[in-house]
Chemist: 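This is the structure I have questions about; it appears just below.
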Amino acid sequence: MLVYPSSIDLSTRTLRFLAGQLTAKRRDIGTRWRRLPVARQALLALAHLRCGDTYAQLAAGFGIGIATVYRYIREAIEVPAALAPALTEAMKTVRTKAFVIRDGTLLPIDRIAADTPYYSGKHKRHGVNIQVLTDPFGRLLWASPALPGSTHDLTAARQHEIIDALAAVDLKCWADKAYQGAGRPVRVPFRGRRLKRWKRRHNTTHAKIRCVGEQAMATLKGWRLLRKLRCSTNRITNIVKAVLVLHHAST
């Protein structure tokens, strides 16, 4: 297999952060020797998450076995994922904002047609449902655990107790039409074709505010692994949490 040098569009701050967390992990478990030093393990994990490089490609590039790549990446994902804020912790940051924007997205997965719970009729593909909260400038604040792709956005929001959490801090939330019926803290556009002029103006203003939240989706999918996940669905939540923590570490 041919090997060539490449690049990752991340700052060295991200690499130093992940390497520092891995160093603390190795110290805690008493690791004496590894095939790769922590900086190389961190680089290996970032190449997988950011660029979507496969285990085989990384094994050839770093001169280690595929099984070793799997173990190193799994460890490098679990360490930052443990630092991701829970919803209750995120609310402490959210309550300092004028309002938040909420949205949901489908992260595609590699699954066969028999996996009905993960098939999204809206997107016509298999995936997992992820809910996110952003500040008024579109900065990613929190990402939810993964649910099967067939889960409706409103159902997912209720299952994660996002609506109750926002109501508890009495904070306005802007969302799209999928969240109709969510309750008082959630502002959604009017539905229908023949709307009165003032309702159309309201929808236009609402769309201008809510579209900023799309930056958070671009932030998530800038990590190319999330564009097509080929791992077990049980690992996706940790991957999303790790991406969230590494994103915050790089900004």
Side-chain angles (χ1 to χ4, degrees), residues 1-84 105-115 118 125-128 130 143 145-146 149 217-251:
M1 182 177 293
L2 297 175
V3 179
Y4 67 95
S6 185
S7 63
I8 305 175
D9 56 341
L10 290 172
S11 66
T12 54
R13 182 188 307 171
T14 313
L15 180 65
R16 289 196 300 268
F17 170 80
L18 183 54
Q21 295 299 319
L22 290 173
T23 298
K25 174 70 173 180
R26 292 189 182 187
R27 188 183 304 117
D28 290 342
I29 62 178
T31 299
R32 295 185 178 181
W33 181 84
R34 291 282 186 95
R35 186 70 181 273
L36 294 180
V38 288
R40 296 286 288 173
Q41 182 183 358
L43 185 64
L44 175 81
L46 292 176
H48 179 64
L49 292 171
R50 188 69 176 182
C51 304
D53 292 344
T54 64
Y55 294 157
Q57 290 171 327
L58 294 170
F62 284 81
I64 56 178
I66 293 178
T68 305
V69 170
Y70 173 81
R71 291 195 305 272
Y72 280 5
I73 289 177
R74 183 156 190 168
E75 181 183 54
I77 287 174
E78 290 174 351
V79 169
L83 304 176
T105 188
L106 185 85
L107 300 182
I109 62 173
D110 185 17
R111 284 291 180 268
I112 59 174
D115 296 329
Y118 290 93
R125 64 191 310 176
H126 292 82
V128 294
I130 297 292
M217 300 307 177
T219 296
L220 279 179
K221 294 182 180 179
W223 298 75
R224 295 175 184 84
L225 183 67
L226 298 182
R227 298 179 188 178
K228 186 63 177 290
L229 290 152
R230 294 178 172 84
C231 61
S232 167
T233 53
N234 296 327
R235 295 180 56 204
I236 295 177
T237 294
N238 273 352
I239 291 174
V240 173
K241 287 182 177 180
V243 165
L244 176 65
V245 171
L246 292 173
H247 167 69
H248 286 166
S250 66
T251 55

Chemist: Could you work out, with side-chain contact (heavy atoms from CB on, under 4.5 Å) as the rule, every residue matching Ala249, not counting sequence neighbours?
Modeler: Phe17
Chemist: At their closest point, which heavy atom of Thr14 faces which heavy atom of Ser250, and how far apart are they?
Modeler: OG1-CB, 2.9 Å
Chemist: For the CD1 atom of Ile236 and the CG atom of Leu226, what is their distance to the nearest 0.5 Å?
Modeler: 9.0 Å
Chemist: List for me each residue that meets ring pair (Phe, Tyr, Trp, His ring centres under 6.0 Å) alongside Tyr55, sequence neighbours excluded, and say none if there are none.
Modeler: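 So Tyr55 forms a ring pair (Phe, Tyr, Trp, His ring centres under 6.0 Å) with His48, Tyr70.
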Chemist: Taking the side chain as C-beta and beyond, is there a heavy-atom pair between Leu36 and Leu43 under 4.5 Å?
Modeler: no
Chemist: Can you establish whether the number of heavy atoms outside Arg125 located under 6.0 Å from its atom CZ is more than 12?
Modeler: no
Chemist: Suppose the criterion is salt bridge (charged side-chain N to carboxylate O under 4.0 Å, His left out): which pairs have a residue in residues 237-251, not counting sequence neighbours?
Modeler: none
Chemist: With sequence neighbours excluded, tell me which residues meet side-chain contact (heavy atoms from CB on, under 4.5 Å) with Ala42.
Modeler: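 If we apply the side-chain contact (heavy atoms from CB on, under 4.5 Å) test to Ala42, skipping adjacent residues, the hits are Leu15, Leu18, Ala19, Leu22.
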Chemist: Using the salt bridge (charged side-chain N to carboxylate O under 4.0 Å, His left out) rule, collect all pairs that involve residues 30-43, keeping only residues at least two apart or in two chains.
Modeler: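 Qualifying pairs, neighbours excluded: Arg34-Glu75.
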Chemist: Pick from Ile77, Leu46, Leu83, Leu10: which one makes a side chain to side chain contact (heavy atoms under 4.5 Å, CB included) with Leu246?
Modeler: Leu46
Chemist: Mind checking side-chain hydrogen bond (donor to acceptor under 3.5 Å, both in side chains) for Thr105 and listing every partner two or more places apart, or none if nothing turns up?
Modeler: Lys221
Chemist: List the residues meeting side-chain hydrogen bond (donor to acceptor under 3.5 Å, both in side chains) with Thr12, not counting sequence neighbours, and say none if there are none.
Modeler: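 In terms of side-chain hydrogen bond (donor to acceptor under 3.5 Å, both in side chains), with neighbours along the sequence ignored, Thr12 is linked to Arg16.
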Chemist: Quick one: side-chain contact (heavy atoms from CB on, under 4.5 Å) partners of Thr251, sequence neighbours excluded?
Modeler: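 Result, side-chain contact (heavy atoms from CB on, under 4.5 Å) vs Thr251: His247.
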Chemist: Would you give the length of the straight line joining atom CG of Leu58 to atom CD1 of Ile66, rounded to the nearest 0.5 angstrom?
Modeler: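 Leu58 atom CG to Ile66 atom CD1 measures 10.0 Å (nearest 0.5 Å).
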Chemist: What pairs with Thr68 under side-chain contact (heavy atoms from CB on, under 4.5 Å), at least two apart in sequence or on another chain?
Modeler: Ile64, Arg71, Tyr72
Chemist: Can you find a pair of side-chain heavy atoms, one from Leu107 and one from Val240, that are under 4.5 Å apart?
Modeler: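 Yes; the side chains approach each other to less than 4.5 Å.
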Chemist: Could you pull out all residues at least two apart from Thr237 that satisfy side-chain hydrogen bond (donor to acceptor under 3.5 Å, both in side chains)?
Modeler: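 side-chain hydrogen bond (donor to acceptor under 3.5 Å, both in side chains) check on Thr237 returns nothing, list empty.
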Chemist: Who pairs with Gln57 by side-chain hydrogen bond (donor to acceptor under 3.5 Å, both in side chains), at least two apart in sequence or on another chain?
Modeler: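 Counting only residues at least two positions away or on another chain, Gln57 forms a side-chain hydrogen bond (donor to acceptor under 3.5 Å, both in side chains) with Thr54.
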Chemist: Distance check, rounded to the nearest 0.5 Å: Leu49 atom CG versus Arg224 atom CZ?
Modeler: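 If we round to the nearest 0.5 Å, Leu49:CG and Arg224:CZ are 12.0 Å apart.
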Chemist: Determine the minimum heavy-atom distance between Ile8 and Cys51, stating which atoms define it.
Modeler: CG1-SG, 4.0 Å
Chemist: For Arg50, check salt bridge (charged side-chain N to carboxylate O under 4.0 Å, His left out) against everything at least two apart and list the hits.
Modeler: Asp9
